[in-house]
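One structure is given here, and the rest of the page talks about it.
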Amino acid sequence: MKDLYPGDQGTLVQYVQLALTRAGHPVNMDGKFGEQTCAALRAFLGGEQLCQVEKPQWGLLLPYLKGYTTYQIKEGDTFWELSHRLHSSVRRIVTANPTADPQNLRVGSVLIVPYDFPLVSQEVDYSSLLTDWILEGLMVRYPFLREEPIGNSVMGKKLTVLQIGEGTRQVFYNAAFHANEWITTPVLLKFAEDYAEAVAQGQQLAGVRASWLYYGFTLSMLPLVNPDGVDLVAGVLDNAEYENQAESIAKDYPGIPFPQGWKANIEGVDLNLQFPAGWENARKIKYAQGYRSPAPRDFVGTAPLEAPESRAVYDYTVRNHFDLILAYHTQGEVIYWKYLDYEPENSYRIARYFGQVSGYAVEETPSASGYAGYKDWFIQDYNKPGYTVEVGRGINPLPMSQFERIYADNIGILTGGMTQLV
């Protein structure tokens with residue numbers, strides 16, 4: 001983890017500020033390491049500590065980003081007493097430790113103690129770092145969740161699918177094919193957290209019994225398809241060679257701001273133009289637009305599925321039997337539901353339902369971007385409902401100030417991806 005000092009700015013500083021706020025030392029999450037952050041950091045560390053975040057300080061802050069700590073049981077401990085002392089709750093401790101007997105705690109055994117705050121932040125920018133911390137925290141908080149690494153990015157970052165449910169009907173949601181569309185990642189992460197919490201507490205999710213969803217469906221979610229690209233946009237790539245390579249690529253496209261305009265993977269391949277569904281047509285269209293070599297966006301690559309991230313999504317889909325897929329993108333508040341003349345059974349009915357519960361327009365994909373996408377390939381090869389959901393409005397990357405509305409608009413789509421299959 002990169003060392004941070006006063007005067008530093010950026011996404012990592014936001015993470016420090018988020019951790020400090022969660023630890024009881026609130027600070028404005030503006031990404032600026034100034035006097036207010038220094039004061040909060042010193043209060044957190046205790047005493048007159050140096051105002052810096054190096055490896056030891058990161059070690060103390062990370063539990064507040066992962067949302068849990070561990071505790072070795074001592075004589076006389078109880079869940080109630082531990083929940084108060086460690087800023088948790090009895091229900092969170094019980095959920096995270098399903099094999100522990102609250103009436104017979106074994107001295108010396110180790111408990112998972114989740115902190116009593118929601119794990120998925122709605123206040124900071126996202127990266128592969130924060131995504132991985134949240135995935136770890138979710139798995140610990142809700143042991144009935146499952147995770148599966150399905151491949152790696154160009155730089156070797158794991159692409160991790162989170163699964164919830166035990167039903168025979170399978171659905172697959174993914175997000176952040178495009179680097180500067182990272183706001184879609186917390187949409188899926190928050191849905192996972194809300195869904196898991198509803199299951200744990202025997203509650204409803206968007207008006208639907210969570211237990212009915214859990215036992216009727218298996219939901220797989222890949223919240224971050226393009227971790228290298230997202231980290232480039234977020235300013236946390238921490239690899240000078242790849243960063244310099246991306247900057248060199250971007251110089252050939254001066255009309256696209258760098259890094260904010262970057263959509264591609266770290267090698268300049270657009271991951272959502274990599275699927276074998278009219279790929280040659282996509283190449284013809286994009287070449288005519290001037291994207292003939294690695295670019296911040298819209299370069300189809302030299303062959304379908306050459307990018308490891310797209311190949312991983314393709315292979316994972318082939319290994320499973322999904323009845324419906326959602327691919328999350330930004331922006332425009334529109335749902336694309338069709339590929340060419342393919343019209344899978346119930347696909348338009350479900351699309352209209354999605355439009356009703358979200359307020360989004362339901363449209364056919366424009367011809368200029370109507371080939372080689374993941375949704376296109378899924379519809380073509382499986383003749384089942386597949387959708388691209390474009391959330392929010394504005395200039396990418398959309399700010400987190402839009403997140404609350406985006407999530408509210410999409411909770412009905414995310415639950416409806418299961419309920420509408422019945």
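- Residues in residues 413-422 take part in these side chain to side chain donor-acceptor pair (under 3.5 Å) pairs, two or more places apart or across chains: R349-Q420.
- Separating the CH2 atom in W58 from the CD atom in Q52 is a distance of 13.0 Å, to the nearest 0.5 Å.
- Residues satisfying the salt bridge (Lys or Arg N to Asp or Glu O under 4.0 Å) criterion with E390, sequence neighbours excluded, are absent altogether.
- For the side chain to side chain contact (heavy atoms under 4.5 Å, CB included) criterion with F191, the lone passing option out of N410, I164, I411 is I411.
- Remark: aromatic rings of Y314 and W377 are close, center separation under 6.0 Å.
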Does the pair Y195 and L219 meet the rule for a side-chain contact (heavy atoms from CB on, under 4.5 Å), with working shown? CA-CA 10 Å; Y195 186 0; L219 170 61; 4.0 Å; yes

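- V269 and A307 make their closest contact through CG1-CB, 4.3 Å (heavy atoms, listed as atom of the first residue, atom of the second, distance).
- Ionic pairing of R92 and D116 is present here: one or more N-O contacts between side-chain nitrogen and carboxylate oxygen are shorter than 4.0 angstrom.
- Taking CD of E309 as the reference point, atom CG of N174 lies at 13.0 Å (rounded to 0.5 Å).
- In the displayed structure, H25 atom NE2 is contacted under 6.0 Å by more than 12 heavy atoms of other residues, nucleotides or ligands.
- R393 and E333 get closest at one heavy-atom pair: NE-OE1, 3.2 Å.
- Smallest separation of non-hydrogen atoms from F403 and V187: CE1-N, 3.5 Å.
- Under the 6.0 Å distance and 45° angle rule, R22 does not count as a cation-pi partner of Y15.
- Among pairs with a residue in residues 407-422, those fulfilling salt bridge (charged side-chain N to carboxylate O under 4.0 Å, His left out) read R405-D409, at least two apart in sequence or across chains.
- A distance of 5.5 Å separates CG of N97 from CZ of F79, quoted to the nearest 0.5 Å.
- The two atoms that bring S88 and V113 nearest to each other are CB-CG1, 3.6 Å, heavy atoms only.
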Step by step, would you call E181 with H329 a side chain to side chain donor-acceptor pair (under 3.5 Å)? CA-CA 6 Å; E181 299 176 8; H329 291 258; 3.1 Å; yes

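- Between Y336 and Y387, the distance from one ring center to the other does not fall under 6.0 angstrom.
- One finds the CG atom of L232 at 6.0 Å from the CD atom of E243 (value rounded to the nearest 0.5 Å).
- Ring centers of F172 and Y316: under 6.0 Å apart, within the cut-off.
- Ring to ring, F378 and Y339 are not that close: their centroids are 6.0 angstrom or more apart.
- Every pair passing salt bridge (charged side-chain N to carboxylate O under 4.0 Å, His left out) that includes a residue from residues 318-332 is listed here, sequence neighbours excluded: E148-R319, R169-D323, D323-K384.
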Apply salt bridge (Lys or Arg N to Asp or Glu O under 4.0 Å) to residues K2 and D238 and explain how you reach the verdict. CA-CA 8 Å; K2 182 181 177 182; D238 201 23; over 6 Å; no

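- The nearest pair of heavy atoms linking S358 to I335 is OG-CD1, 3.9 Å.
- Few gaps surround NZ on K74; more than 12 heavy atoms of other groups in view lie less than 6.0 Å from it.
- Note: K338 NZ to T388 OG1 = 15.0 Å, rounded to the nearest 0.5 Å.
- Taking a cutoff of 4.0 Å between a charged side-chain nitrogen and a carboxylate oxygen, K32 and D8 do not qualify as a salt bridge.
- Residues T365 and K375 have side chains that bring a donor and an acceptor to within less than 3.5 angstrom of each other.
- The nearest pair of heavy atoms linking A234 to T11 is O-OG1, 2.8 Å.
- Around the CG atom of L60, the shell of radius 6.0 Å holds more than 12 heavy atoms that belong to other residues, nucleotides or ligands.
- Atoms OG and CG, from S127 and L224 in turn, are 8.5 Å apart once rounded to the nearest 0.5 Å.
- Salt bridge status for D270 with R297: absent, with no side-chain N to carboxylate O gap under 4.0 Å.
- Taking the centre of each ring, F299 and Y291 stay at or above the 6.0 Å mark.
- In this structure, Y5 has its ring center no closer than 6.0 Å to that of F33.
- The stretch residues 63-114 participates, sequence neighbours left out, in no disulfide (SG to SG under 2.5 Å) pair at all.
- Counting only residues at least two apart or in different chains, disulfide (SG to SG under 2.5 Å) contacts with residues 1-39 comprise C38-C51.
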